[in-house]
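Data block below; observations after.
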Amino acid sequence: MAVAEFRNEPATDFGREENRRAYEAAIRKVESQFGRDYPLIIGGERVTTAEKIVSRNPAAPSEVVGTTGKAGPAEVDRALEAARKAFETWSRTDPLARARILWKAAAIMRRRKHELSATMTVEVGKTWPEADADTAEAIDFLEFYGREMARLAQAQPLTRLMGEDNEVYYLPLGVGVIHSPFNFPLAILTGMTSAAIVAGNTVLVKPSVHTPVIAAKFFEILEEAGLPPGVANYVPGDPAEIGEMLTTDPRIHFVSFTGSAAVGAKIHEQAARVQPGQRFLRRVVAEMGGKDAIIVDSEVDVDEAVLGIVTSAFGFGGQKCSACSRAIVLEDRYDEVLEKVTKAAQALRLGDPRRPEVQMGPVGSEAAYRRVLEYIQIGRGEGRLVTGGGAPEGLGDGYFVSPTIFADVDPHARIAQEEIFGPVLAFFKAGSFEEAVAIANDTQYGLTGSVYSRNRANLEYARREFHVGNLYFNRKCTGALVGVHPFGGFKMSGTDSKAGGRDYLLLFTQAKSVSEKF
Ligand SMILES: NC(=O)c1ccc[n+]([C@@H]2O[C@H](COP(=O)([O-])OP(=O)(O)OC[C@H]3O[C@@H](n4cnc5c(N)ncnc54)[C@H](O)[C@@H]3O)[C@@H](O)[C@H]2O)c1
Ligand SMILES: N[C@@H](CCC=O)C(=O)O
């Protein structure tokens with residue numbers, strides 16, 4: 001295989017005038033597409049529905065980014081049949097030919113990079129660098145999983161037995177469903193979909209109701225890259241109406257879900273039930289929420305720690321499963337860190353992320369806005385409000401929430417235990433490093449965590465005892481890179497599937513061992 005070694009897609013340098021102009025032009029282009037309708041795509045055909053999903057700009061909710069078809073049970077049924085039919089040929093297609101479609105899609109994404117990023121700026125409120133990173137990660141997934149399939153398609157190392165020919169083949173599972181979240185509406189959607197299809201499966205893709213337009217653009221790219229009809233079917237819809245069918249239908253071999261713990265647990269339970277006519281155990285890959293902590297030790301570069309906390313807590317308004325929602329600080333550093341983080345949070349520029357200077361946009365939807373404000377109310381009764389505490393003045397009717405910090409929070413308070421998924425950070429004082437790690441571990445989640453320390457013994461202690469799927473030392477706890485930081489969490493953060501890692505494709509395959517005696 002003459003494919004170049006995998007390398008992460010570089011971030012766009014917005015310090016350069018030509019890149020700023022290109023992004024501004026992309027925003028104008030995306031605005032000119034406002035109000036467009038994107039039908040469902042089933043078996044390669046555009047399917048228009050009477051009911052629509054309306055996608056709004058969370059910074060200016062009167063702006064309709066686009067409308068899309070809304071799949072009901074009849075459309076899901078049709079898509080399942082299309083996927084089942086496509087599986088017959090796609091599962092037998094040369095794995096390298098499947099990989100080449102991913103690489104072609106990556107090339108198209110690079111050409112449309114700013115348009116895709118700008119779509120996320122208006123559809124979900126991502127700032128320029130956050131949107132750019134989302135698109136770059138999507139490209140990385142396509143490049144990486146294509147190479148991973150090529151690797152798995154090669155002869156696997158086995159112990160050789162005289163007189164026998166032994167091989168292992170990685171075969172696809174069948175028809176699967178992709179439920180993707182709103183917060184990485186291109187990267188995670190692309191990663192989940194591309195891994196499943198490059199392994200030879202066929203899928204129904206149901207993106208978040210808040211981000212169906214960027215998902216429709218992903219489908220345009222798959223089509224242009226030459227993906228045969230029916231291999232991936234675009235079926236946005238209301239989970240209350242089609243969610244259960246999309247988990248329990250006996251034609252569905254696997255469910256790949258990324259989202260909240262509550263929904264993931266429900267899907268896990270529903271999927272486990274063997275349905276009449278179902279001749280296999282359904283597989284579930286579930287990547288769920290986090291309540292991630294950064295520990296600041298006594299021996300530390302405080303300014304580095306402050307930067308790491310602010311970036312991890314307020315990047316994309318705290319709407320990352322990896323976001324720091326808990327700062328656990330050793331008592332001799334507590335006041336200094338709290339004061340510096342508060343100042344830095346107050347200095348963040350909030351506003352419509354179409355403007356390049358904006359560092360934090362709105363939260364992704366009206367539902368998110370209401371939930372976050374509700375948690376802030378709860379926090380007022382559970383901790384000392386240091387800054388923020390609600391919606392800022394003068395930003396119109398967008399879903400803006402000020403960066404909010406609560407100090408002196410009890411580790412068992414609700415805002416210390418429940419995922420808020422917004423720009424809300426709680427501070428905890430720890431009497432020892434061991435106590436700090438114990439507080440960090442004491443939630444149902446176990447996704448990311450970070451430690452700022454110059455004490456080697458403490459770092460080794462955390463390496464052993466801090467129980468999370470992605471642990472970072474002396475750096476922020478967000479921003480995992482494909483191929484570099486395989487991503488996924490413990491406990492109620494999910495099935496630890498390690499997206500962007502070398503084990504990930506195995507989740508969408510079954511290994512067949514063939515032995516011939518000569
Ligand atoms: N661990 C990770 O890798 C990771 C990555 C990104 C986001 N997340 C988590 O995702 C959440 C934010 O995303 P969200 O608000 O879109 O999550 P969500 O749970 O509301 O929705 C996720 C997906 O599941 C679908 N869904 C909702 N209810 C369903 C049901 N009953 N049956 C079937 N499907 C259903 C949604 O339509 C969406 O496609 C946060 O909890 C965040 O931590 C986790
Ligand atoms: N992989 C992303 C988080 C994905 C969840 O929202 C990160 O590492 O920050």
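All ligand and atom numbering here is 1-based and tracks the order in the structure. Below, each value reflects all heavy atoms present in this structure, side chains not excepted, and no hydrogens, waters or symmetry copies.
Among protein heavy atoms, atom 12 (C) of ligand 1 sits closest to Phe421 CE2, 3.5 Å. Nearest non-hydrogen protein atom to atom 5 (C) of ligand 2 is Cys321 SG, 2.3 Å. In this structure, the protein non-hydrogen atom closest to atom 44 (C) of ligand 1 is Met288 O, 3.1 Å. Looking only at protein heavy atoms, the nearest one to atom 2 (C) of ligand 2 is Ser322 OG, 4.0 Å. With respect to atom 14 (P) of ligand 1, the closest heavy atom belonging to the protein is Phe182 CD2, 3.7 Å. Distance from atom 2 (C) of ligand 1 to its nearest protein heavy atom, with residue and atom name: Cys321 SG, 3.4 Å. For atom 19 (O) of ligand 1, the closest non-hydrogen atom of the protein is Ser260 OG, 2.6 Å. Protein heavy atom in closest approach to atom 40 (C) of ligand 1: Glu419 OE1, 3.4 Å.
Ring centroid separation for the pair Phe406 and Phe427 does not come in under the 6.0 Å cut-off. Ring pair His268/Phe257: centre-to-centre distance not below 6.0 Å.
Checked against a 3.5 angstrom limit, the closest N/O atoms of Lys320 and ligand 1 fall outside it. For ligand 2, the polar-atom distance check finds no N/O of Cys477 at less than 3.5 Å from any of the ligand's N/O atoms. Every N/O-N/O distance between Leu447 and ligand 1 stays at or above 3.5 Å. Remark: ligand 1 and Ala261 share no N or O pair separated by less than 3.5 Å (distance only, no angle test).
Within the 4.0 Å heavy-atom shell around ligand 1 one finds Ile188. Within the 4.0 Å heavy-atom cutoff, Gly489 does not count among the residues contacting ligand 1. No heavy atom of Gly494 sits closer than 4.0 Å to any atom of ligand 1. Not a single heavy atom of Phe184 lies less than 4.0 angstrom from ligand 1.
Less than 4.0 angstrom separates some heavy atom of Ser180 from each of these atoms of ligand 1: 23 (C), 38 (C), 39 (O). Atom numbering of ligand 1 starts at 1 in the shown order; those under 4.0 Å from a heavy atom of Ser208 are 39 (O). Within ligand 2, counting atoms from 1 as listed, the ones closer than 4.0 Å to a heavy atom of Ala480 are 7 (C), 8 (O). In summary, the atoms of ligand 1 found under 4.0 Å from a heavy atom of Asn183, numbered by their order in the structure, are 6 (C), 7 (C). Within ligand 1, the atoms closer than 4.0 Å to a non-hydrogen atom of Pro239 are 26 (N), 27 (C), 28 (N), 29 (C), 30 (C), 35 (C), 37 (O), numbered from 1 in the order shown. Those atoms of ligand 1 that come under 4.0 Å of a heavy atom in Lys206, given as number and element, are 25 (C), 36 (C), 37 (O), 38 (C), 39 (O). Near Phe487, with a cut-off below 4.0 Å to any heavy atom, the atoms of ligand 1 are 3 (O). Within ligand 1, the atoms closer than 4.0 Å to a non-hydrogen atom of Ile267 are 33 (C), 34 (N), numbered from 1 in the order shown. Heavy-atom proximity to Phe257, at under 4.0 Å, picks out these atoms of ligand 1: 19 (O), 22 (C), 23 (C), 24 (O).
Heavy atoms of Asn183 found under 4.0 angstrom from ligand 2 belong exclusively to the side chain.
A salt bridge does not link Glu287 to Lys498: none of the charged nitrogens lies less than 4.0 Å from a carboxylate oxygen. The pair Arg370-Glu366 counts as a salt bridge, with a side-chain nitrogen and a carboxylate oxygen less than 4.0 angstrom apart. Between Lys217 and Glu115, at least one side-chain N (NZ, or NE/NH1/NH2) sits under 4.0 Å from a carboxylate O, which counts as a salt bridge. The pair Lys291-Glu418 fails the salt-bridge criterion, with no side-chain N (NZ, NE, NH1 or NH2) lying under 4.0 Å from an Asp/Glu carboxylate O.
Residue Glu465 places its CD atom among more than 12 non-hydrogen atoms of other residues, nucleotides or ligands, all under 6.0 Å distant. Annotation: Lys266, atom NZ; neighbour count of heavy atoms from other residues, nucleotides and ligands within 6.0 Å does not exceed 12. In the displayed structure, Gln444 atom CD is contacted under 6.0 Å by more than 12 heavy atoms of other residues, nucleotides or ligands.
Using a 4.5 Å cut-off on side-chain heavy atoms (C-beta onward), Arg78 and Glu45 make contact. Residues Thr127 and Gln359 fail the side-chain proximity criterion, which asks for heavy atoms closer than 4.5 Å. Residues Val122 and Glu63 form no side-chain contact, since every pair of their non-hydrogen atoms from C-beta on lies 4.5 Å or further apart. With a 4.5 Å cut-off on side-chain heavy atoms, Phe254 and Asn201 count as touching. Tyr234 places none of its side-chain heavy atoms less than 4.5 Å from the side chain of Leu222.
Within the set Ile242, Thr258, Val263, the minimum heavy-atom distance to atom 22 (C) of ligand 1 is found for Thr258. One option in Pro181, Gly259, Pro236, Ser493 has a heavy atom closer to atom 11 (C) of ligand 1 than any other, and that option is Gly259.
A cation-pi contact links Arg475 to Tyr472, judged by a cut-off of 6.0 Å to the six-membered ring centre and 45° from its axis. Remark: Lys126 is positioned above the aromatic ring of Phe316, its terminal NZ or CZ atom under 6.0 angstrom from the ring centre and at most 45 degrees off the axis.
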